[in-house]
Protein chains: 2
Amino acid sequence: MNHHVQPVIGTASSRIYETLRRDLVGGQFVAGEKLAINALKERYHVGLSPLREALNKLAAYGLLVQENQRGFRVPKLSRSELDDIANMRLELEGMAFERAIQHGDDVWEAELLAAAHRLKRADTTLDKGEEWESLHSQFHRTLVAPCGSVWLLRFIEQLHDQFDRYRRLGPKMPTVRQTLDEQHHELVALALKRDSKAARALMDDHIQKSYQLALKRYQEHA
Amino acid sequence: MNHHVQPVIGTASSRIYETLRRDLVGGQFVAGEKLAINALKERYHVGLSPLREALNKLAAYGLLVQENQRGFRVPKLSRSELDDIANMRLELEGMAFERAIQHGDDVWEAELLAAAHRLKRADTTLDKGEEWESLHSQFHRTLVAPCGSVWLLRFIEQLHDQFDRYRRLGPKMPTVRQTLDEQHHELVALALKRDSKAARALMDDHIQKSYQLALKRYQEHA
DNA sequence: TTATATAAAATAATCGATTTTTTAACCAAC
DNA sequence: GTTGGTTAAAAAATCGATTATTTTATATAA
C-alpha cells in the first residue's frame, strides 16, 4: 500500500485555471451566466485567492468577461461572433498550415503521423469524451506547429478554444463527424506531399465543415 | 476649496493593470527582469491581492511571463520575436485596413480625420511623451476599427503593445519619425479615397519602416 | 400602480497574516 | 576548487477575515 501522496503538480492557481478553461470550452457553464465565486470555491475545492487569479487570467484570455465591481460572467454566444471566429480560423490556420508545410522537417512528419494515428484510435472507440477532445486539439496543433510564428500559434490556439464553445454545444453526434475525421488523414497526406496549395484548400474545407456543424449546434441549442 | 475626493474610477486591480501595461510597453522595466512583488507594492502603492490579479492578467495577455512558484518576469526581447511581431502586424493590420475601407461609413471618415488631426498637433509640439503615444495608438485603432472582426482587432491591439516594447527602447529620436508621421495623413487620404489596394501597400510600407526603426532601437539597445 | 428612497442581504474586492516553496549562504567531504 | 547537503532568509502562494459595493427586499410617497 502506498501512503505517499503524489506531490500534485503546479500551483493551486494554475490547476484551477486549466480546469476552468476545460470546463468553459466544454460547455459546463451556460453562456451569459454570472459566475458565483463562492459556489465555484466549493465546487472545485479551491481557495478564493487562486480562484480569483485564475478567473482574471481567463478574462484576459477571452473565456470570461470581467465587469468592474460585479465579478465575472461567461461570454454570450452569437451568430456573428461564431462567423468571426470561423473566418479568423480560415485566415490564420490556412496561413499557418502553408508555412508549416514550408518549414516542417522529418521530425514533424513523424509527429503528424503519430498524432493522426492516436486521434484515429480515439475516433473508432466512439466515446468521444474529453480524451478525444484533447487528442483532436493536439492534432490540429501539430499540423501548424512549425509555422515559425509563436504569435500566430498563440492566436490560433485562442480561436480554437473560442470555436469549441460553439462546436461542443449540445449532445455528441458521432455520425456527423465522419467526414471531418476522414479529412484529418487527408490533411496529413497532403502535408507529407508538401502540396501546400491543396493542403490549404482542404484545411479551408475542413474549417468550413466544422463551422457548419458548430452553426447547427448553435442554432439547435435553443 | 473642494474637500470632496473624486471617487477614483474602477477597482484597484483594474487600475494597477492599466498602469503596469503602460509601463511595460513604455520600457519602464528591463526585459528579462524578475518582478519583485513587494517592491511593486510599494512603488505603486497598491495591495498584494489587486497587484497579483493584475500580474496574472498581464501574463495571460503576454506582457509578462509567469513561472509556477517563481513569480513573474518581463519577457526577453529577441530579434526573431520582433520579426515575428512585425510580420504578423503586416498580415493582420493589412487585412483589417482593407476590410475597414470596405465597411467604414461616414462616421468613420470623420473619426479618422479627427484622430489624424489630434496626432498631428501632438507631432508638432515635438515632446512625444505618453500623450503622443496614446494618440498614436488611438489613430491606428481608428484606421482598422470598422474591419468587422472583434478578434482581429483584439489580436492587432496585442501585437501593437508587443511591438511598442521594441519601438520604445532607448531615447526619443524625433527626426527619424518624420516619414512615419507624414504617412499617417497619407493613410487617411487613401482610406477616404477607398483605394484599398494603395492603402494596403502604404500600410505595409508604414509597418516596414516602423519595423526598421524598432530593429535599430533593438540593436543599439546594448 | 409607479417611482423613489432606505435598509438588509449578498457579493466583490481588498487586506493582513500564514504557509509553502525557492533561493542564498554556509559548511563539510571529496 | 568543486560537489553535495544542511540551514537561514527571501519570496511566492494561499488563507481567513474585513471592507466596500452592488443587489434585493421593503417601505413610503407621488
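Owing to the predicted nature of the structure, the values given are computational and were not obtained by experimental measurement. Reminder, nothing fancy here: chain letters follow the sequence lines and each chain counts from 1.
At a cut-off of 3.5 Å, with distance as the only test, no side-chain donor of B:Gln102 or B:Arg99 sits close to an acceptor on the other residue.
The shortest side-chain heavy-atom distance between B:Asn56 and A:Tyr17 does not fall under the 4.5 Å cut-off.
Residue-level contact check: B:Thr11 touches the backbone only, with heavy atoms under 4.0 Å from sugar-phosphate atoms and none from bases. Using a 4.0 Å heavy-atom distance criterion, B:Leu35 is classed as a sugar-phosphate-only contact.
Salt-bridge annotation for B:Glu18 and B:Lys57: absent, with no side-chain N of the basic residue lying under 4.0 Å from a carboxylate O of the acidic one.
OP1 and OP2 of C:dT21 both lie 4.0 Å or more from every side-chain N or O belonging to B:Arg70. Considering only side-chain N and O atoms, A:Lys34 lies under 4.0 angstrom from the phosphate OP1 or OP2 of C:dA12.
Side-chain proximity of A:Pro50 to the nucleotides C:dA12, C:dT14, D:dT14 is greatest for D:dT14.
Atom P of nucleotide D:dA13 and atom CG of A:Asn56 are separated by 14 Å, given to the nearest angstrom. As rounded to whole Å, 14 Å separates atom C1' of C:dT21 from atom CD of B:Glu67. Going from atom CZ of A:Arg52 over to atom P of D:dA17 covers 18 Å, rounded to whole Å. In this entry the distance linking CD of A:Glu53 with C1' of D:dC15 reads 12 Å, nearest Å. Rounded to an integer number of Å, the gap from A:Leu48 CG to C:dG16 C1' is 14 Å. Atom-to-atom, CZ of A:Arg15 to P of D:dT14 comes out at 7 Å; the value is rounded to the nearest Å. Regarding A:Asn68, its CG atom lies at a distance of 14 Å from the C1' atom of D:dA20, rounded to whole Å. Atoms CZ (A:Phe72) and P (D:dT22) sit 15 Å apart, rounded to a whole Å.
A:His160 and A:His136 have their aromatic ring centers separated by at least 6.0 angstrom.
Proximity of a side-chain donor or acceptor of A:Arg165 to a complementary backbone N or O of A:Pro75 within less than 3.5 Å is detected.
Map B:Ser49 and A:Gln69 each onto its nearest nucleotide of DNA chain D; the residue landing nearer the 5' end is B:Ser49.
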